[in-house]
Amino acid sequence: MNFDEIIDRKGSHCVKWDMMEKIYGVPQDKGLAMWVADMDFRPPQCIRDAVQAQVDHGVFGYFGDDSKYRAAIQWWMENRHGWSIEPEHIFSTHGLVNGTAMCVDTFTKPNDGIVLFTPVYHAFAKVIKANGRRVVECEMQQTNGRYEMGFDAYDAQMDGSERMVILCSPHNPGGRVWSRAELAGVAAFAKRHELIIVSDEIHHDLVMPGHVHIPMTAIEGIEDRLIMMTSTNKTFNLSGSHIGNVIIADPDLRAKFAARMMALGMSPNAFGLFMVTAAYSPEGAAWVDDLIAYLDGNRRLFDAGIKTIPGLKSMDLEATYLSWVSFEDTGMAREEFTRRVEQDACIAVNHGPTFGKGGDSWLRFNIATPRARVQEAVDRLATAFGDLQ
Ligand SMILES: Cc1ncc(COP(=O)(O)O)c(C=O)c1O
């Protein structure tokens, strides 16, 4: 796979490149799209072949027999994550924003509190609010430039109306791979406050060399309150396939979720099923290994560039391809540093405040793009903040 290839995505109905002018005012002709979390790479050939085989067959009827699909998911979790799952524990939702919404809808009631460790992936709060539940923001602290959770403070914040905690593991936007002790801390916190844990592990394959992701299922004593969410969308760049997996081992939680899926008449798109089955394979695994090596190179280049610009600081990415950059030390107001990035450097990025408390002086840069573009972004930022040199 040649990750250096520049693929022109403009005009392909991709939100990342085709909507940056409308949403951020970044001109499409010279803009760099570094916001939405999808990659500017094609997925591995095995996935494209699987889709092509369906297109060549040419009849697009109802799908039947998902045993190969379930077996592929089982194989991947066992081989890549040391996590044994039963095929019948798997549900297929329309991606994991939908998976989150399904969990919120199934396991909580209107006005219940749902805990988020902020700053965190913005769609969690959107979905919670849209379902008439309350977001309980537990702000993370920074220790040695990394996010950490502070459970003593969170304990004091709880008022007994909370029913669920949604964990982002690995963490978007801070790039943390949580340690076993930290995950055990989340588990103990959930037990103390009788919370269901939804562990969104969509970024679990995108872990940088030297770090190891631990699935939440490895933590004992929470089997009866744990819901896992995984997907091929980030790992293989298949977000348009709109398929995700909610995996539930506990029989009671599983029965409730199954009943809600049934009530809403939910069933997956056949193309998504074919893509996932092809992705979770030895060929897919080899591609992911190459991808990680490439992203690690991008991360190093981006971080080195950011370091040379006074006032800018990027968090160390242990996982994900989403670099979280602080502008606090520029001393500039948020409007000013954002204007420089969007209007002077012409880079479309995600704004920090959308990630909740603690995000104010930050912007999120997506570095899953050919390396030449990462270099271009760094050069543009150096110019846009050149007066600080
Ligand atoms: C933590 C997290 N969960 C879910 C999603 C979106 O998942 P999907 O496209 O499957 O709805 C993202 C996308 O960036 C994400 O970062």
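Side chains included, hydrogens not; waters and symmetry mates left out as well; all remaining heavy atoms used.
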- Item | Apart from V177 itself, residues in the same hydrophobic cluster as defined by side-chain heavy atoms under 4.5 Å | V207
- Are M315 and L363 joined in one hydrophobic group, where the rule is that I, L, V, M, F, W and Y side chains link up if heavy atoms are under 4.5 Å apart? yes
Can you list, pair by pair, the side-chain donor-acceptor contacts under 3.5 Å of residues 52-63, counting residues two or more places apart and other chains?
residue: Q52; atom: NE2; partner: D56; partner atom: OD1; Å: 3.0

Donor-acceptor pairs are to be reported for all side-chain atoms of residues 255-268 against protein atoms at under 3.5 Å, with residues two or more places apart or in another chain.
residue: R260; atom: NE; partner: D105; partner atom: OD2; Å: 2.5
residue: R260; atom: NH2; partner: D105; partner atom: OD2; Å: 3.3

Acceptor/donor pairs from residues 350-359 side chains to any protein atom, 3.5 angstrom cut, sequence neighbours excluded:
residue: N350; atom: OD1; partner: R364; partner atom: NH2; Å: 3.0
residue: H351; atom: NE2; partner: E342; partner atom: OE2; Å: 2.5
residue: T354; atom: OG1; partner: H351; partner atom: O; Å: 2.6

- Note on the structure: side-chain hydrogen bond (donor to acceptor under 3.5 Å, both in side chains) filter on W324, not counting sequence neighbours, yields Y147
- Message: The criterion is side-chain contact (heavy atoms from CB on, under 4.5 Å); which residues satisfy it with V15, sequence neighbours excluded?
- Response: M19, W35, V36
- Message: Test of understanding: with side-chain contact (heavy atoms from CB on, under 4.5 Å), list the residues that count as partners of R254, not counting sequence neighbours.
- Response: H89, F91, I248, P251
- Item | With S67 via side-chain contact (heavy atoms from CB on, under 4.5 Å) - residues at least two apart | D65
- Message: Looking at D344 and R380, is any side-chain nitrogen of the basic one under 4.0 Å from a carboxylate oxygen of the acidic one?
- Response: no
- Got a sec, which residues hit side-chain contact (heavy atoms from CB on, under 4.5 Å) with I306, two or more places apart in sequence or on another chain? F302, L312, S314, V325, L381
- Task: Return the orientation label for the F151 and F117 ring planes: parallel under 30°, perpendicular over 60°, tilted otherwise.
- Result: perpendicular
Distance-only check: which donor-acceptor pairs under 3.5 Å involve side-chain atoms of residues 40-50, not counting sequence neighbours?
residue: D40; atom: OD1; partner: R9; partner atom: NH1; Å: 2.8
residue: D40; atom: OD1; partner: K16; partner atom: NZ; Å: 3.2
residue: D40; atom: OD1; partner: W17; partner atom: NE1; Å: 3.0
residue: D40; atom: OD2; partner: K16; partner atom: NZ; Å: 3.4
residue: D40; atom: OD2; partner: T369; partner atom: OG1; Å: 2.7
residue: D40; atom: OD2; partner: R373; partner atom: NH1; Å: 3.4
residue: R42; atom: NH1; partner: E5; partner atom: OE1; Å: 3.4
residue: R42; atom: NH1; partner: E5; partner atom: OE2; Å: 3.4
residue: Q45; atom: OE1; partner: R48; partner atom: NH1; Å: 3.4
residue: Q45; atom: NE2; partner: D49; partner atom: OD1; Å: 2.9

Could you list the donor-acceptor pairs under 3.5 angstrom formed by side chains in residues 157-165, with sequence neighbours left out?
residue: Q157; atom: NE2; partner: E137; partner atom: O; Å: 2.8
residue: D159; atom: OD1; partner: S161; partner atom: N; Å: 2.9
residue: D159; atom: OD1; partner: S161; partner atom: OG; Å: 2.6
residue: S161; atom: OG; partner: R134; partner atom: NH2; Å: 2.5
residue: E162; atom: OE1; partner: D159; partner atom: N; Å: 3.4
residue: E162; atom: OE1; partner: G160; partner atom: N; Å: 3.0
residue: E162; atom: OE2; partner: D159; partner atom: N; Å: 2.8
residue: R163; atom: NH1; partner: G160; partner atom: O; Å: 3.3

Which atom pairs, one a donor and one an acceptor, fall under 3.5 Å between side chains of residues 184-199 and the rest of the protein, sequence neighbours left out?
residue: R192; atom: NE; partner: D155; partner atom: OD1; Å: 3.3
residue: R192; atom: NE; partner: D155; partner atom: OD2; Å: 3.2
residue: R192; atom: NH2; partner: D155; partner atom: OD1; Å: 3.2
residue: R192; atom: NH2; partner: D155; partner atom: OD2; Å: 3.1
residue: H193; atom: NE2; partner: D155; partner atom: OD1; Å: 2.7
residue: S199; atom: OG; partner: E201; partner atom: OE2; Å: 2.6

